Protein chains: 2
Amino acid sequence: MPRATGTKRAILDATLELAATKGITGTTMDEVAERAGVAKGSLYYNFASKDRLFEELLQEGVGALADTLREARAGLHGRAALEALIRALLDRIASNTALAKLMAAEIFRTDRTWQKTLFALRHEALTVFAEAIAEAKPGSRDDGTCGLMASSVFGAVLLSGLEWLVFDPERHRDEVAAAILDSFSGGLLGD
Amino acid sequence: MPRATGTKRAILDATLELAATKGITGTTMDEVAERAGVAKGSLYYNFASKDRLFEELLQEGVGALADTLREARAGLHGRAALEALIRALLDRIASNTALAKLMAAEIFRTDRTWQKTLFALRHEALTVFAEAIAEAKPGSRDDGTCGLMASSVFGAVLLSGLEWLVFDPERHRDEVAAAILDSFSGGLLGD
DNA sequence: CGACCTATACTGACTGGTCAGTATAAAAAG
DNA sequence: CTTTTTATACTGACCAGTCAGTATAGGTCG
């Protein structure tokens, strides 16, 4: 095995960086190959197609995100769990901004071949939030309300996190976390 | 068989519908022409280029959104204003889902020719929220905190709105609005 | 050893097709 | 007679995917 190790990794890394700024359709396989320092043929040796390459990328990234969230919640209960989840998600967005951008751009597309895969992973991540919310709010309306509130919290963290990193990066992380937590603490609408 | 007026409108409408599902790069000018029931030449007679077409589309859409928000807030103060804004944004997302999807996909892209235009409009819309928040929270940390909380609220409404419309459309609007308002009312994290 | 084979990893020129944008001539509309 | 639109044909760049060939490592057999 010549340059065996690292090729797949290099391809995935290059793909993520390019896709975060140019989008998936706007990223070409030639660019990926060049950025990864690899011949175009290697892309197709390691991945069946452009679609599969992006499917694996999303699978890996969103899967890792769900794992991070599960770990962050482990052992905690009630409001402490939810607060830990919010901080963990914000940290993850900061340390993998490219993936966060990609998620924001792709999560509501319904015409992709990997739609099912991404949907399942997204659901997994949101469920961690929904469970924590169900626990933090005992007087819950049963059905899907916790799921809606989960996407509300998730959306708040994702958008303000990206707003911070893309348009106002000098700001300190703690300031951003404080603002998000503050907005859910009842100061805006609570009684 | 030309139509005197309405060509530009038909082109913009077709563009929005196609771009919402296929993305901007994935939408071709030939498709737009076909969907609009118009010759390709008319596209280039009315818009200088593909980029300009999308710039005008975004300009119109996000501009109208900002107007809607300003109207929703007019005359109201404090928490009532913020609640009205949340409801107005959710309604707007429901009545123009295509634009909401497009916004979610494009808002953090920094490689577009129209970047400046979209940034300014996005800022306009967020400012309406930030002003309402500054008013609702008199004990405010001065600087950009209100801006951060504004994007937090905006993100919550955008993501849960799209979650509802794309993945769970049978649900009633009021249920979604209630869940969002609930999540900001302090039930999750408040003291 | 060394001749031969096989499997895996990778290369880069090439192909077939797609798409933004252009050109043009003629018809409709005001 | 000017503006707008239509229909069609074309160009040139770009791009996903292919393929014949190269490189390296590890058997196996005499």
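Bear in mind the structure is a predicted one, so any value in this text is a computation, not a measurement. All chains are named by letter (A, B, ...) in the order of the sequence lines, taking the proteins before the strands, and each is independently numbered beginning at 1.
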Closest-nucleotide ordering on DNA chain C, the 5'-leading residue of A:D30 and A:N46
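Its nearest nucleotide being more 5', the pick is A:N46.
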Just the rounded figure in Å: distance from [atom2] of [N] to [atom1] of [X].
X     : N      : atom1 : atom2 : answer
B:F47 : C:dA20 : CZ    : C1'   : 16 Å
A:R52 : D:dG17 : CZ    : C1'   : 15 Å
B:L18 : C:dC19 : CG    : C1'   : 15 Å
B:K8  : D:dT3  : NZ    : P     : 16 Å
A:E34 : C:dT11 : CD    : C1'   : 15 Å
B:L53 : C:dG21 : CG    : C1'   : 13 Å
A:Y45 : D:dA23 : OH    : C1'   : 13 Å
B:R9  : D:dT4  : CZ    : P     : 18 Å

Any side-chain donor near an acceptor of the partner, A:S152 and B:S183, under 3.5 Å:
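There is such a pair between these side chains.
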Can you see whether A:T117 engages A:E55 through a side-chain donor-acceptor pair at a distance of less than 3.5 angstrom?
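Per modelled atom types, A:T117 and A:E55 side chains form a pair under 3.5 Å.
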Look at the side chain of B:K40 against the base of D:dA7 and say whether a donor-acceptor pair falls under 3.5 Å; ignore hydrogens and angles.
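In this structure, the two groups form no donor-acceptor pair.
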Given [options], identify the nucleotide with an atom nearest to the side chain of [X].
X     : options               : result
A:M29 : D:dA16, C:dT8, D:dA7  : D:dA16
A:K50 : D:dT6, D:dA16, C:dA9  : D:dA16
B:Y44 : D:dT18, C:dT22, D:dT6 : C:dT22

For A:A48 and for A:E31, find the nucleotide of DNA chain D with the closest heavy atom, then tell me which residue's nucleotide is more 5'.
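The residue whose closest nucleotide sits nearer the 5' end is A:E31.
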Taking A:K8 for the side chain and A:L43 for the main chain, is one N or O donor matched with an acceptor at less than 3.5 Å?
no
Backbone N/O of A:L82 and side chain of A:R73: donor-acceptor pair under 3.5 Å:
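Side chain of A:R73 to backbone of A:L82, a donor-acceptor pair under 3.5 Å: no, none is there.
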To the nearest 0.5 Å, what is the distance between CG on A:L69 and CD on A:E131?
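That separation rounds to 11.5 Å.
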A:T7 side chain N/O closer than 4.0 Å to the phosphate oxygens (OP1, OP2) of C:dC10?
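Yes, such a contact exists.
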Looking for any heavy atom pair under 4.0 Å, which part of the strands does B:T27 touch: base, sugar-phosphate only, or nothing?
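Here B:T27 touches the backbone only, sparing every base.
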Over all strands shown, is B:T28 touching base, sugar-phosphate only, or nothing at heavy-atom distances under 4.0 angstrom?
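Sugar-phosphate contact only - B:T28 comes under 4.0 Å of backbone atoms but never of a base.
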